[in-house]
Amino acid sequence: MTDALRPMTKQRLYEQVLDRLRQYVTEGGLRSGDRLPPERDLAQRLGVSRASVKQAIVVLEVQGLVEARHGGGTYLVRDSLDVEPVDRMVERRRRLPDVLEAREALETKLAELAAERRTDDDLTAMRSALAHMAGEIEAGGHGVEGDRLFHAAVTAAAHSGLLAEFMRSIAAQIAESRTESLRQPGRPHRSLAQHRAILDAIADGHPRQAATAMRRHVRTVAKVRLLDWDPEEEAGGR
């Protein structure tokens, strides 16, 4: 049954605030590290409630575009506010728990098998991936490509064609969860350390420890601000 004729909805007020903030940053020439006006000032100047401004700031935080420092204001993390459409965020939030559940089931088993079946070449690929990730982080990035290479190397080391096919079938969704996780503050370094623990267990040939390390890692990946965000939480209107 199609949902094309579902009830029409107006643009959420905080989405309008997002549009204005993006325009403000562009026209004002703001750059990474610059501070946005306080929420109270923004609400007054835009003629909306502080709740609408706060929800807009939360959306920017979820997308890794700003950093809200406790008692210290809100600062740009990038040189622009290239905001992802809220409806796309809502859809990703809806499917993310299923993706993370599938990742835990599949990747825990892959790590276990990798500890039993890995070759010297497999270990070399994993170490190379971690070196790549460390380099990305050192250069100021999130380590996304290195993360992808590491998990691909673990999958290859399991030498299970069917499990590898399952992983390929959800590759796009896994990429979403990877990006979502690695843009959390402090997450790239933590993920890199957890990857090293997984590699150590695989290299030592300890299947149970490898599975436990991978499960711990995927559960860390699951701790993202997006899942705490309520897209309909906007009290007070104007």
Side-chain angles (χ1 to χ4, degrees), residues 8-96 99 136-145 147-148 172-191 221-238:
M8 300 288 288
T9 59
K10 294 182 179 179
Q11 186 184 35
R12 301 173 183 91
L13 191 55
Y14 69 81
E15 292 183 73
Q16 297 178 49
V17 175
L18 286 169
D19 289 340
R20 295 293 185 88
L21 288 177
R22 179 172 55 242
Q23 184 179 356
Y24 171 79
V25 168
T26 299
E27 294 180 356
L30 273 66
R31 294 289 181 265
S32 177
D34 289 341
R35 182 179 179 178
L36 291 177
E39 290 180 5
R40 179 176 299 174
D41 290 354
L42 287 172
Q44 184 175 10
R45 292 165 67 177
L46 292 170
V48 298
S49 69
R50 287 190 66 180
S52 295
V53 173
K54 185 178 292 293
Q55 179 71 319
I57 296 299
V58 168
V59 170
L60 295 175
E61 283 188 275
V62 168
Q63 296 189 29
L65 297 172
V66 302
E67 177 187 4
R69 301 174 188 171
H70 183 66
T74 303
Y75 293 81
L76 295 180
V77 174
R78 301 184 188 176
D79 293 339
S80 67
L81 293 183
D82 186 14
V83 185
E84 176 186 15
V86 170
D87 286 347
R88 191 182 303 167
M89 288 178 61
V90 172
E91 177 60 24
R92 194 169 72 256
R93 182 183 184 276
R94 183 193 64 77
R95 63 175 173 261
L96 187 57
V99 174
E136 287 181 292
I137 295 171
E138 186 177 348
H142 291 155
V144 173
E145 178 61 11
D147 185 288
R148 184 192 69 78
Q173 293 92 330
I174 288 176
E176 276 189 352
S177 68
R178 171 178 297 118
T179 301
E180 197 70 50
S181 176
L182 289 173
R183 66 185 179 188
Q184 305 300 301
R187 184 62 56 79
H189 286 286
R190 186 175 183 186
S191 287
V221 171
K223 296 175 182 177
V224 294
R225 184 73 185 273
L226 179 65
L227 294 179
D228 295 329
W229 169 61
D230 180 359
E232 301 305 328
E233 185 181 319
E234 183 177 11
R238 283 182 58 87

For a side chain to side chain contact (heavy atoms under 4.5 Å, CB included) check, start with the C-alpha distance between Gln63 and Leu81, then their side-chain angles and the critical distance, and finish with the verdict. CA-CA 10 Å; Gln63 296 189 29; Leu81 293 183; over 6 Å; no
Do side-chain atoms of Tyr14 reach the backbone of Ala51 as a donor and acceptor pair under 3.5 angstrom?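 A pair under 3.5 Å: no.
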For Asp230, does its backbone N or O pair with a side-chain atom of Gln55 as donor and acceptor, under 3.5 Å?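 Such a contact is found between Gln55 side chain and Asp230 backbone.
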What side-chain donor-acceptor pairs closer than 3.5 Å can you find for residues 31-42, not counting sequence neighbours?
unit_1, atom_1, unit_2, atom_2, d
Ser32, OG, Val77, O, 2.9
Asp34, OD2, Arg31, N, 2.7
Glu39, OE1, Lys54, NZ, 3.1

Spatial distance of atom [atom1] ([X]) from atom [atom2] ([Y]) [nearest 0.5 Å]:
X      : Y      : atom1 : atom2 : value
Leu60  : Arg22  : CG    : CZ    : 9.5 Å
Ser191 : His142 : OG    : NE2   : 11.0 Å
Glu180 : Arg92  : CD    : CZ    : 4.0 Å
Leu96  : Met89  : CG    : CE    : 11.5 Å
Arg12  : Leu18  : CZ    : CG    : 10.5 Å

Would you mind checking if Asp228 and Arg225 are paired as a salt bridge, meaning a charged N to carboxylate O distance below 4.0 Å? no
Please determine whether a side-chain nitrogen of the Lys or Arg among Arg88 and Glu91 lies less than 4.0 Å from a carboxylate oxygen of the Asp or Glu. no
List in chain and number order the residues that pass side chain to side chain contact (heavy atoms under 4.5 Å, CB included) with Ala68, two or more places apart in sequence or in another chain; answer none if no residue qualifies. Glu61, Thr74
What closest approach, in Å, do [X] and [Y] show between heavy atoms, and which atom pair accounts for it?
X      : Y      : answer
Ser80  : Val25  : CA-CG1, 4.2 Å
Ser181 : Val224 : CA-CG1, 3.7 Å
Val66  : Ile57  : CG2-O, 4.0 Å
Trp229 : Arg93  : O-NE, 2.5 Å

With a sphere of 6.0 Å drawn around CZ of Arg20, does it hold more than 12 non-hydrogen atoms of other residues, nucleotides or ligands? no
Compile the donor-acceptor pairs under 3.5 Å between side chains in residues 172-179 and protein atoms, sequence neighbours left out, one pair per line.
unit_1, atom_1, unit_2, atom_2, d
Glu176, OE1, Arg95, NE, 3.0
Glu176, OE1, Arg95, NH2, 3.2
Glu176, OE2, Arg95, NH2, 2.5
Ser177, OG, Arg103, NH1, 3.0
Ser177, OG, Ile174, O, 2.8
Arg178, NE, Asp147, OD1, 2.6
Thr179, OG1, Ala175, O, 3.1

When you compare the side chain of Val83 with that of Leu21, does any pair of heavy atoms fall below 4.5 Å?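 SC-SC contact between Leu21 and Val83 ruled out.
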